[in-house]
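One structure is given below, encoded as structure tokens.
Protein chains get the first letters and strands the later ones, always in sequence-line order, with residue 1 at the start of each.
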There are 2 protein chains.
Amino acid sequence: MTPELKLQPLRCLLAILDQGGFHAAAKHLHRSQPAISMAVRDLEERLGQPLFEKGNGKALLTPFGQWCAPRFRELVAHHDRVSRDAQAMASHRAGRVDIAAVPSVASRLMPGILASFVNEYPGIEISLQDGHSELVAQMVVTGEVELGITSLWQPQEALESTPLLHDEIGVVCREDHPLAAHQSLHWRELTGHALIRNGTSRLLEGSPAEGLLEQSALYISNMISLTAMLEAGIGITTLPRLAFQEEHDRLRFVPLSKPRLERRIGLVSRANVSLSPAAAAMQRHVMAYLEDRKT
Amino acid sequence: MTPELKLQPLRCLLAILDQGGFHAAAKHLHRSQPAISMAVRDLEERLGQPLFEKGNGKALLTPFGQWCAPRFRELVAHHDRVSRDAQAMASHRAGRVDIAAVPSVASRLMPGILASFVNEYPGIEISLQDGHSELVAQMVVTGEVELGITSLWQPQEALESTPLLHDEIGVVCREDHPLAAHQSLHWRELTGHALIRNGTSRLLEGSPAEGLLEQSALYISNMISLTAMLEAGIGITTLPRLAFQEEHDRLRFVPLSKPRLERRIGLVSRANVSLSPAAAAMQRHVMAYLEDRKT
DNA sequence: ATAAAATGATCAGGAAGACTTACCATGACG
DNA sequence: CGTCATGGTAAGTCTTCCTGATCATTTTAT
């Protein structure tokens, strides 16, 4: 019923109009002149009406042709737009990645990563949000974000993860605290000191130091508040090194050596679902960036 | 640089999505299944990115594919429209308009409009379908129809709209309902009465009467069912006047005066795309018809 | 007026592409 | 463990499309 108008003949028609003749159009399209003739005839047959006035030697549109031409032009333009956009999307020159990361990574690692990424892929839109590790994992599972950077808790069915770096756990206290002078600490040395729990405290769970958590009466989730409490000398806390702001001159970070604890930070994405081109580029970039940085 | 996307492979892709599998698509397109596979592979090669997830047995789009699919669908729809229009024009049927309208307009306004239109333009084919307001807008955007008559929700980028008329919102209840005797109503007077929500209830959102919706336990989308519920005295509802069938002798329409609410009905078409002659004629006709009718 | 040039149309042959038939690999299910 | 579904692959056939040569007609130049 409705004939299938192929794009090439339409392009021929438009080229004839733009270039002002069959021969010129042929040259413009890098085709031979008969090809143009045939394309036009094919179109005319499909539509059941002549597009060009016959008889006189010149290329002149029929009224029907005049009616068709702008629509054909629009259609071809539409095609080119779609094709170009898809091409741009496929080759990472456009697109969008949504990322979630735990706060420490978001504030200390991502700025550098994103700076070099936007430099390399200027067309890609990026959205970064932070949340605690389980929230990050959940956002990846639900598809709210495509990539997550978070603690590798335990292998989850729906997630695919790549380890990125190890982050050592240590004790944070004020510089004048008795523990501040140590080079490293055994967990027993913490007993008796007021311990403030925070969002990363669950990293102690399952280790010999787990018992310490039960003695702790304070839980502070906000990092700013936590820092203020530590500076006020209200107690000590445990943090991964990455989450400790090393610039703080009144606070000290002392690694826990027995047990030596660390969280493994990794890049997670949904399993069995391939990433968008933009997200794949981001994934490669993150991994390359951290690989470089290790050396 | 920009690959030439042929239409047939695009159709294959869409058929796979719509029919839910390669085999089903093949049957639908009267092709063999390998042809579909090859078409998809051809597309993927041109774009440089896979469109379908490999490995698992099911036909699942990659994110890139999900991004592409709606654009491809739009492009194919555009082609079909151009092809159909040209075909119609070639066969002296002078044209064709596809219109979508919200149900109230389709049932109460369009009969009169179309009656006079076919009288004036006997050669033009008309197709009218109805759907809720967002569906109408979407059909215009995708090019499934050229003209839409719908609630002007908020100005949309891809759409061009012309206001046609204002449609007052009111309360509909049975004639023996306590509210039926009023000439107009303040929204507070509705509290305590069982309110049935319907497809037009979102018109109350953002107004003082919005709170009423939360008390409502019933949502009925079908107008016939809604009328039956009202006649049974199960509750009251709000409707634009145009959606209320004035012939109903057991139901009453009482305007809401505080707040006075109205939906603006308008004629929408795609922006930056010229209408077919037939659609342009229809657009002029609709506007003239309603201008006449106001007086 | 006549030759020269340019227009588009036509035809046969060949290269490229698309479709089909037949067969293969894999995963779900009883 | 076999059966049925999925989609992927390979070789052969057929169609489509393009080219090169040639023709008919009109326009232009001498």
What is the distance, rounded to the nearest whole Å, between atom [atom1] of [X] and atom [atom2] of [N]?
X        : N       : atom1 : atom2 : value
Phe52(B) : dG7(D)  : CZ    : C1'   : 11 Å
Gln33(B) : dG7(D)  : CD    : C1'   : 6 Å
Met38(B) : dT13(D) : CE    : P     : 16 Å
Arg41(B) : dG7(D)  : CZ    : C1'   : 12 Å
Arg31(B) : dT13(D) : CZ    : P     : 21 Å
Glu53(B) : dG27(C) : CD    : P     : 15 Å
Leu51(B) : dG7(D)  : CG    : P     : 15 Å
Ile36(A) : dG8(C)  : CD1   : P     : 10 Å

Parallel, tilted or perpendicular, as decided by the 30° and 60° cut-offs, for the rings of His78(B) and His78(A): tilted
Among the nucleotides [options], which one has an atom lying closest to any side-chain atom of [X]?
X        : options                   : result
His23(A) : dT16(D), dG8(C), dA18(C)  : dG8(C)
Phe22(B) : dA9(C), dG7(D), dC18(D)   : dG7(D)
Pro34(A) : dA10(D), dC18(D), dC11(C) : dC11(C)

For the atom pair CG (Asp42(A)) and CD (Gln8(A)), what is the distance rounded to the nearest 0.5 Å? 11.5 Å
Within this structure, what is the CZ-CG distance for the pair Arg11(B) and Leu75(B), rounded to the nearest 0.5 Å? 9.5 Å
Would you say Ser32(A) places a side-chain N or O within less than 4.0 Å of OP1 or OP2 belonging to dG20(D)? no
For Lys6(A) and dT16(D), is the shortest distance between a side-chain N/O and OP1 or OP2 below 4.0 Å? no
Identify whether any heavy atom of Gln8(A) sits under 4.0 Å from a base atom; if not, whether one sits that close to sugar-phosphate; answer base, sugar-phosphate or nothing. sugar-phosphate
Ring-face cation contact, Trp153(A) with Arg263(A), 6.0 Å cut, 45° max: no
Classify the side-chain pair Asp98(B)/Ser127(B) by whether it contains a donor and acceptor separated by less than 3.5 Å. yes
